[in-house]
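Shown next, in structure tokens, is the structure this report addresses.
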Amino acid sequence: MSTEELLYVVGEAKTGEPSVIRFFGRITEETTSRFNDEFDFLENIIRPSCIRVLINSEGGSVLYGMSTYSTIANAKVDTECVIEGVAASMASVIWAAGKRSLMRDYAILMIHNPILPDNDGEEPSDMLLAFTWQIETIYRKRFGLNKEHVRAIMDGQAGKDGTYFDAQAAVKAGIIPSENVIRTSRQLCRKVHDEIAGLADMAAIQELMDRVSKGNKPFEDIFPTLTETENDMTNENKTQGFEYGAIAASLGMKDREVKDVMARISELAAMEPKYNEVQKALSDAQTVIAGKDAAIRNLQKDLSAATARLSTYEQKEKDERTSRIETLVENAIGEGKIDREAKAQWVEMAEANFELAEKTLGSIPAREIISKEIANDPANIQATAEASRTAEQMMAEKVAEVVGADFKFRKL
């Protein structure tokens, strides 16, 4: 497949830029097969930054429509689906396949239960029940609605087939956020609303929406405004208003330049929902970061307090250890186990291994120490002197006692 063979792709498809592809008409084996092939070509060969699917379809085959839903939902590139006119029945399921679902403010969304043409009012078959459950699950998960809400929408009010929504009603029902509504001129929106109000047949509504979506000026008295042009994602198919043409001429812009500028404006306008999502994600991330910063500050305060307490405990333990060592060594000195001159060495030993120093000092016997008072007592001095005489001195005294000082013998 080449770009010249593409039937559903709108405009020029370029790598890294948004591409537009249409799904207009009934959902059949032929239309879904062709659409899926062109979508795959865009995704895997062209590789655009985003594939924008414009939808205007009354619905059709659930079986073939699910193949298109899967093709869009499983795309590796960014996707968004836009209701350009009508997305009814199975077309509403395809619309739900994009990462973002948008609709123009004059568009119509119709959701109902699947039906089998040959059912003829009989009890629903297992296949029909399976299709119903499958579609209900898609709506519930894609739009964040509860089961009862989705079931009420699909059933519709008594006597009606499903539920119809314009853009405002879709927002009110919680199907899409308000920023996913693409604004157009009030005149066009009002005219479409008035025309549809008088129509009951889906084929007539489809024909009207075809005229609007394909840019074949549906109402002669409506002219696009500058605001409308800025919000138009398929601007190449619209007629520029006189005011815009005057502005472009005053700027010296040629027709091709005008189209290029407006195409770029269309891209930027289409990026607004994504920008809002990114902004919200950024805001949420900033909130999380602020919370983590506060938690980190609290942890830092707790760490500082714990460090201060630990420092106090360590200092107290150090002081107690120093006191124990001082007491141990001083007691040993006092008991005569070691000399005071050796105190420094014993202190150092106790600091290195207190238990070893304590055990070693405990094994040294205490020495008897004479107090100063006892040492200075005259009797003790005499006794000490007596005890300190040598054996020779005692012998000499004994000899002198016998022979006398001049060595004369005496009678014993």
Side-chain angles (χ1 to χ4, degrees), residues 1-25 27 30-57 64-85 87 91 93-104 142 176 179-180 182 213-215 229-238 240 248 253-282:
M1 182 178 291
S2 65
T3 54
E4 289 76 16
E5 299 175 297
L6 299 176
L7 299 179
Y8 293 172
V9 175
V10 178
E12 185 178 2
K14 296 181 180 180
T15 300
E17 298 183 8
S19 292
V20 178
I21 183 171
R22 285 180 173 141
F23 196 108
F24 282 15
I27 299 172
E30 180 183 0
T31 57
T32 55
S33 176
R34 182 71 191 191
F35 176 91
N36 295 348
D37 288 344
E38 294 196 18
F39 189 98
D40 288 340
F41 179 80
L42 285 178
E43 178 185 4
N44 299 302
I45 304 300
I46 302 300
R47 296 176 181 171
S49 61
C50 172
I51 298 180
R52 186 173 300 129
V53 182
L54 308 182
I55 300 172
N56 185 28
S57 170
Y64 297 122
M66 285 307 303
S67 71
T68 296
Y69 174 88
S70 178
T71 297
I72 299 171
N74 295 322
K76 297 184 289 292
V77 300
D78 188 29
T79 56
E80 58 186 24
C81 295
V82 184
I83 305 179
E84 283 289 293
V93 178
I94 293 177
W95 174 65
K99 289 184 175 62
R100 292 176 300 283
S101 297
L102 304 93
M103 61 189 299
R104 292 193 176 276
R142 178 61 184 85
I176 58 173
E179 57 266 25
N180 284 22
I182 302 170
S213 301
K214 291 181 179 179
T229 308
E230 289 175 347
N231 286 284
D232 190 354
M233 292 188 294
T234 55
N235 179 61
E236 64 273 13
N237 294 320
K238 303 293 182 181
Q240 296 171 3
M253 299 171 66
K254 298 178 181 178
D255 289 344
R256 180 59 189 171
E257 292 174 336
V258 171
K259 291 182 179 180
D260 290 342
V261 170
M262 292 312 302
R264 183 58 178 160
I265 291 175
S266 297
E267 291 174 11
L268 294 175
M271 289 297 290
E272 184 177 0
K274 185 175 181 179
Y275 172 76
N276 291 336
E277 290 180 9
V278 172
Q279 284 289 93
K280 184 179 183 303
L282 177 60

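Keep in mind that the numbers below use all heavy atoms, side chains included, and drop hydrogens, waters and symmetry copies. Here the structure is a predicted model, which is why all the values come from computation and not from measurement.
Judged by distance alone, the side chains of N36 and T32 never bring a donor and an acceptor atom under 3.5 Å apart.
Residue E30 places its CD atom among 12 or fewer non-hydrogen atoms of other residues, nucleotides or ligands, all under 6.0 Å distant.
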Quiz item: When you look at F39 and T68, which way does the side-chain contact (heavy atoms from CB on, under 4.5 Å) test go after all the steps?
Solution: CA-CA 9 Å; F39 189 98; T68 296; over 6 Å; no

Exercise. Would you please test R22 and N56 for side-chain contact (heavy atoms from CB on, under 4.5 Å) and show each step?
Key: CA-CA 8 Å; R22 285 180 173 141; N56 185 28; over 6 Å; no

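Distance check: C50 SG to E17 CD gives 12.0 Å after rounding to the nearest 0.5 Å. Here L42 contributes atom CG and R52 contributes atom CZ; the two are 12.5 Å apart, rounded to the nearest 0.5 Å.
Every side-chain contact (heavy atoms from CB on, under 4.5 Å) that A96 has, sequence neighbours left out, goes to I138, R142, F143. Considering only residues two or more places apart in sequence or on other chains, K280 meets the side-chain contact (heavy atoms from CB on, under 4.5 Å) condition with D284. In terms of the salt bridge (Lys or Arg N to Asp or Glu O under 4.0 Å) criterion, residue partners of D78 (sequence neighbours excluded) are, by chain and number, R100, K274.
Residues F35 and I72 form a side-chain contact, since some pair of their non-hydrogen atoms from C-beta on lies under 4.5 Å apart. Between S49 and P18 the shortest side-chain heavy-atom distance falls below 4.5 Å.
When atom types are taken as modelled, the side chain of T71 and the backbone of S67 share a donor-acceptor pair closer than 3.5 angstrom. Listed for the T15 side chain is no donor-acceptor partner under 3.5 Å among the backbone atoms of P48.
The minimum heavy-atom distance between I55 and F24, with the atom names listed, is C-CE1, 4.0 Å. Pairing each heavy atom of I46 with each of K14, the nearest pair is CG2-C, 3.7 Å. Across all non-hydrogen atoms, the minimal contact from T31 to F23 is OG1-CZ, 3.8 Å. Across V9 and L6, no two heavy atoms sit closer than the pair CG2-CD1, 3.7 Å. Across M103 and I176, no two heavy atoms sit closer than the pair CG-CD1, 3.6 Å. Contact detail for K99 and A75: the closest heavy-atom pair is NZ-O, 3.6 Å.
Just one residue in the list V53, L102, L54 forms a side chain to side chain contact (heavy atoms under 4.5 Å, CB included) with C81, and that residue is V53.
Ion pairing of R34 with E38 is present here, as a side-chain N (NZ or NE/NH1/NH2) and a carboxylate O approach within less than 4.0 Å.
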